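Here's the structure we're looking at; comments come further down.
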Amino acid sequence: MSYFKTINKIAYEGPLSKNPYAFKFYNPDEKIGNRTMEEFLRFGVAYWHTFTEDLSDPFGLGTAIRPWDNYTGMDLAKARVEAAFEFFEKLGVPYFCFHDVDIAPEGSTLRESNQNLDTIVALIKDYMKDSKTKLLWNTVNNFTHPRFVHGAASSNNADVFAYSAAKVKKGLEIGKELGAENYVFWGGREGYESLLNTDMKLELDNLGRFFHMAVDYAKEIGFDGQFLIEPKPKEPTTHQYDFDVASGYAFLQHYDLHEQFKFNIEANHATLAGHTFEHELRYARVNGMLGSVDANQGHPLLGWDTDEFPSDLYTTTLAMYEIIKNGGLGRGGLNFDAKVRRGSFTPEDLFHAHIAGMDSFAVGLKVAQRLIDDKVFDNFIEDRYSSFKEGIGLDIVENKADFRQLEAHALGLTEIKHTSGRLELIKATINQYLLTIYAE
Ligand code: XLS
Ligand code: CA
Ligand code: CA
């Protein structure tokens, strides 16, 4: 049975191709440095947005037309798996990601939910045997069901803490069973609405305890995936505990979890936090905490998490700059946590959207590598900070200076000389690289 009959395997046809079902820039075998594009970019399809999502929004019902719409219950779950592996194959994508509830419906009891999961996980495992597509990460949805109304691991209700733990326990078992490279925690309900009814200290401590239990259980069952925290500042809760990388890192250090966790950084969450995507990537990178990426983009005019497919080449370039400087993503990847717009409701749009995202990051990779090879930023930044290479600057970075010595230095200054930051020149250079990379 084919779900996408009219669509053939998507091939690379080059920048001048007019075929909407072809890659213009993503050429999986093309070498960038010592890795192929495929090895560098490690693209993943988000199961929830591509196979489960119906494109409803807070004001309107779902619009998606999907070839598996005529199924329900477990038959629907099975049809989606079949469709998913056809989609992965046609797109040539090396990874996918899911939440427990994306792949199998919740039963009326936890036991029944777990049984549903067992059936579908066995089916997925079977498909994975004949497929090149592997599991980048899995996670559990501890936010949609009404039982999580007051949080999951940070709930005021100990029964919910236990229920959440049981779901993560199962998630880790599934991760092991399917060979997941990572396990993600996004704390959708791990935050609060108002301090007036919240014991913040207990909630934070419980969250810390919860993560330690997850680490211990993973060790016990021999699951060796990398643990990832996915920060998001708000939505659905007003205040989310893992606001951004900086606050998440402080939390991990305080609860002695920083050796066991890294970050899964989502572009749209970065902008919701009032940061750029590249800021979050840089903050994680310089602290050795960059694990994986949810590749999407927010809408600059909307204040919520729109999860659009990435198409902004400027941003993909600056993101890939951080990723290359990080030496790649290791076990992580670029997961398209992105949904087609509500008006793009046909199955074909799922292909167009992923092609757009993959091409955008391929361009970003190529341009960023060239910027690095030509040391465009490196030379400039080295020069800009050269005052720390000698004299008082060198004493400061070698920890040889104290306030008395610095005061003596300051008292002896007659004038302070500055150099230009040259931001306009740098931006014009990035534009030049973007526009000429395929002209050669
Ligand atoms: C929601 C999050 C979520 C995580 C996985 O905003 O992006 O989808 O990636 O739970
Ligand atoms: Ca995400
Ligand atoms: Ca999101």
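In each ligand, atom 1 is the first atom listed, and ligand 1 is the first ligand listed. Heavy atoms only: backbone and side chains are in, while hydrogens, waters and symmetry mates are out. Start at 1 with the first residue, then count along the sequence. All figures in this text were calculated on a predicted structure; none of them were measured in a lab.
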Looking at Asp294, the N, O or S atom sitting nearest the Ca ion (ligand 2) is OD2
The N/O/S atom of Glu230 lying closest to the Ca ion (ligand 2) is OE2
For [X], look at atom [atom1] and say whether over 12 heavy atoms of other residues, nucleotides or ligands are found less than 6.0 Å away.
X	atom1	answer
Tyr314	OH	yes
Arg422	CZ	no
Glu193	CD	no

Taking distance alone, with no angle check, do [X] and ligand 1 share an N/O pair under 3.5 Å?
X	result
Asp294	yes
Asp307	no
Asn264	no

Report task. For the pair Lys232 and Glu235, find out whether any cationic side-chain nitrogen is under 4.0 Å from an anionic carboxylate oxygen. Result -> yes
field: Salt bridge Asp118-Lys170, side-chain N to carboxylate O under 4.0 Å
entry: yes
For the Ca ion (ligand 2), angle spanned by Glu266 OE1 and Asp337 OD2 (nearest 10°) is 90°
Ranked by distance from atom 3 (C) of ligand 1, the top protein heavy atom is Trp186 CE3, 3.6 Å
Closest to atom 5 (C) of ligand 1 among protein heavy atoms sits His99 NE2, 3.2 Å
Rounded to 10°, the OD1/Asp307 to the Ca ion (ligand 3) to OD2/Asp305 angle comes out at 100°
